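Below: one structure in structure tokens.
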Amino acid sequence: MMSFLAAYHPLIDLLLLNCGCAFGQYIVLRAGAFSIANAGLTSIGAYTAAILATRYGIGLGGTLLCSTAVGLVVAILLSLPLARLRGVYQAIATLAFVQIVLTLALYAEGLTGGALGLNAIPKLVGTPTLLICVLAVFYLMAALDRTRLGQAFDAIRQDEIVAATLGVQIASTQVVAFALSGAISGLFGGLIALHTYSIDPNQFGFPMLVSLLAMVVLGGRRSIYGPIVGATILTLLPEIARPLSDNRTLVHGIMLILIIVFLPRGVVDSLRGLSFRKPRRLQQGVASDVPSA
Amino acid sequence: MLAQQILNGIVVGAVYSLFALGFNLIFGVHRILNLAHGGVVMVGAFAGLYAVLAGLPIWVAFLAAALAAGLLSVLIDFVAFRPLRQRGEMEFAALVSSIGVDMVLTTLAQRWSGTQVMRFPFDAFPISSFTLFGLRMTTMQLTILGVVLAVSVLLVIYLYGTSFGRQVRAAAENDRAARLLGVNVTAVYVQTFFISGLLAGLTGVLLGLAFNNVYFLMGEPLLLKGFVVLILGGLGSLKGALVAGFLLGIIQAICTAYLPNGLSDPVVYGLLFVIILLRPSGLFGDTVRNVRAVRQ
Amino acid sequence: MSLRLENVSKQFGGLRAVSNVTFCAEPGRITGLIGPNGAGKTTLVNLITGILSLTEGSIGFGGEDLTTMSPTDVARRGVVRTFQNVRLLLDESVVANVALGFYRHGRSSLLADIVGLPSARAEIRKVHEQAHGLLHRFGLEPYADTLVRNLSYGHQRRVEMARALAAKPSLLLLDEPVAGMNDVEANELGTIFSSLAASGIAVLLVEHNMRLVSSICEDLVVLDTGRMIASGKPDAVLSDPAVVQAYLGA
């Protein structure tokens, strides 16, 4: 057992980090927001943590709290212009946001170390901390799953008009989703920094954006197990099949197309659709069952 | 000096315009945000480059690039967008799928080119410069302006002067109504994607020639600049794409002239947020369509 | 509270879909809105619920002006509708769809929702219990946990109706609620509509089924190509030559 853990330790840590980041992406998509800002938000969280820990010697708790708070604030600022606009604007603007964060991280060498990034970050985070954080986020997701907020998220994602005509406030609900997403991404950015000794701007670029999106789309945007399943599949797949790991980006790209075409609701939500009890008397042959034109 | 910078900016802006025209044609007609458009541009540039390397004259290279990118674009529609139609959440699905396509295109190109930056042979395009009103201009720059203006004029003639164009505009207005009126919607999709690809192919070769490099990631910065153009001009508006492309070229030239090195990009992307905040419909866009949960 | 439309018009490009429509829908009564296909009935419902903006005119409900309100704000005033082509959340269970109707009456605070306080979760449990009561009323109890996408069209209609009632409307807009149903089922629903009106809410019924309309509506408004060609008591309106002309002549 111990040797098994030792051998797969890095993989388990990676899996936990991916799960957390995937939750950050999941919560906005569940609320019907087309935000792909999470790579940028994670980057901000990571740099916040790295700078506080290396330059100011702040401990684990304080650092992670700051990362979370910074992610939260930035996401709220980002959502204020975007939440009232249609999805395509959110996609364009958040993609640009990721790029802005990246170029600024490259530009502000004094603060971020430029293209070389920040090194010699104290390793304050091990598997237990990661596990606790993932569980905490999962608990949060599970808790809000069964509240009016979860109800509003699902309504907006599936039919905005219906949501609005039942009194759901679309913009403010999405601001909440952005905020949660920012906090989660910030936290896990901080964990990445305090776990891996060094960070650089490019690790939070387009490839990260795509892999987060792939995890959530693969797992499913509705069920709280979706991101976990998606992250697990995409993290373990390259380990199981070696040739896939050399083509990771290609696999992610092809996956995205295949899933959205053939399994648009993702693995978990599609299974959930199957497991739900079918009606006992589906077709009764009455006139009411004939769809009108 | 500034005038010279602005002139150079206008030329770069012309390329942005060409890119945004192709992008907005798809968005305006089909409401598909095709994030693979940058990848199509890149493939066009490679097609043009290989045509030149094979010894073909430059105008054939332009033609080959346009054709290759046009066909690729139609193929993308068939593989990545067609299966998603007539389904709810089409916008999100198309977005995800196009990101996947872009990823596939860039990875394959990276393999193909061995991650190298490739260049057109220096005699591929005869470059000579001349002076106009005290400003230096090259034949390259003149060609870019010429191509972009010619393409814009042809696009206007196509959309407003032919029966194909009328069908496209009908489909843009209302897909289902157009179908009922006997418009062949499938043909419209093929046409718009092909034309959008043609424009992307031309963009790719012009870009490759102007900056003298062709590499697998060249579509990415262009896509991002293209977004600023789209938002500035108004999503779905062709007129907006054309005007805003030039405008961004000029803005960028001024930023480069007056701002420290490396800060011009963040400023340009930041502009995108300012516009979204103040005027989400851009210069020529349709305001109400873009804001959700309000009266339309 | 009564609904008042004054000179309401809507222009789509060159087409005037609704033109100078003026009428009232009083609480405690069912007002029927009839007219041939393309008369502008659904457009009118969209104008009232805030999905479309008016070209001219004004819409008031109770003491408030709905003319420029967003769909969300209109809904929060108690204006609830059903859709001509049933619109439900297909990936949710029947009970979850009906529970969404209670949304605007929710009390839990945002913060309680975010951290999932027991009180916030208890509220949703209560809402689900209430939803079960409505399911029972519409004969949907056996399907409570079925995903809506697996339901027949007729049952989806009823789910939508149950959702509308869950919202406890002050004004209920029904867009062809019995289309495709047989007479027995239509009358069954008609009885429900009448009892709703009797409980004091205003009901606006858009319908093609003349038998239903003439049996349960106290007032009728007839539209033809966007214009109001008649209004008043059903008997008088249905024998009006202009109405007969619109229906038979078209």
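Order of the sequence lines fixes the chain letters, A, B, ..., with proteins taken first and strands second; residue numbering starts at 1 for each chain. Just so it is clear, the structure is predicted and the values come from calculations on it, not from any experiment.
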Answer yes or no: is there a side-chain heavy-atom contact under 4.5 Å between His37(B) and Ile26(B)? no
Between Arg85(B) and Asp77(B), does any NZ, NE, NH1 or NH2 come within less than 4.0 Å of an OD or OE carboxylate oxygen? yes
Inter-residue atom distance Phe97(A).CZ - Leu82(A).CG, 0.5 Å rounding: 10.0 Å
Run the ring-ring contact (aromatic ring centres under 6.0 Å, His included) test against Tyr225(A) and tell me which residues pass, sequence neighbours left out. Phe138(A)
CG/Leu84(B) to CD1/Ile260(A) distance, rounded to the nearest 0.5 angstrom? 7.0 Å
For His30(B), what residues pass the ring-ring contact (aromatic ring centres under 6.0 Å, His included) criterion, not counting sequence neighbours? Tyr189(B), Phe193(B)
If I measure from the heavy atoms of chain B, does Ile92(A) come under 4.5 Å with its side chain, its backbone, both, or neither? both
Are any of the side-chain heavy atoms of Thr203(B) and Val15(B) separated by less than 4.5 Å? yes
Please look at Leu263(B) and chain A and tell me whether the side chain, the backbone, both or neither of the residue comes under 4.5 angstrom of a heavy atom of that chain. both
Trace of the side-chain contact (heavy atoms from CB on, under 4.5 Å) decision for Phe81(B) with Asn34(B): CA-CA 9 Å; Phe81(B) 299 133; Asn34(B) 182 10; 3.7 Å; yes
Chain B contact via Leu78(A) - which portion, at a heavy-atom distance below 4.5 Å: side chain
Does a donor on one side chain and an acceptor on the other come within less than 3.5 Å for Thr103(A) and Asp265(B)? no
Return the set of residues passing side chain to side chain contact (heavy atoms under 4.5 Å, CB included) with Asp145(A) (not counting sequence neighbours), or none when no residue passes. Arg30(A), Arg222(A), Ile224(A)
Shorter than 4.5 Å, heavy atoms on both sides: which option in Pro207(A), Ala163(A), Pro264(A) has the most such pairs with chain B? Pro264(A)
Counting only heavy atoms closer than 4.5 Å, note whether Val217(A) contacts chain B via side chain, backbone, both or neither. side chain
With a 4.5 Å cut-off on heavy-atom pairs, point out which of Leu33(B), Leu277(B), Val96(B) contacts chain A the most. Val96(B)
Engaged part of Leu278(B) at the chain A interface, taking heavy atoms whose separation is under 4.5 Å: neither
Against chain B, label Leu80(A) side chain, backbone, both or neither, depending on which of its atoms sit under 4.5 Å from a heavy atom there. neither
Residue by residue, which of residues 106-114 of chain B have a heavy atom closer than 4.5 Å to a heavy atom belonging to chain A? Thr107(B), Leu108(B), Arg111(B)
Counting only non-hydrogen atoms closer than 4.5 Å, does Leu272(B) touch chain A with its backbone (N, CA, C, O), its side chain (CB onward), both, or neither? side chain
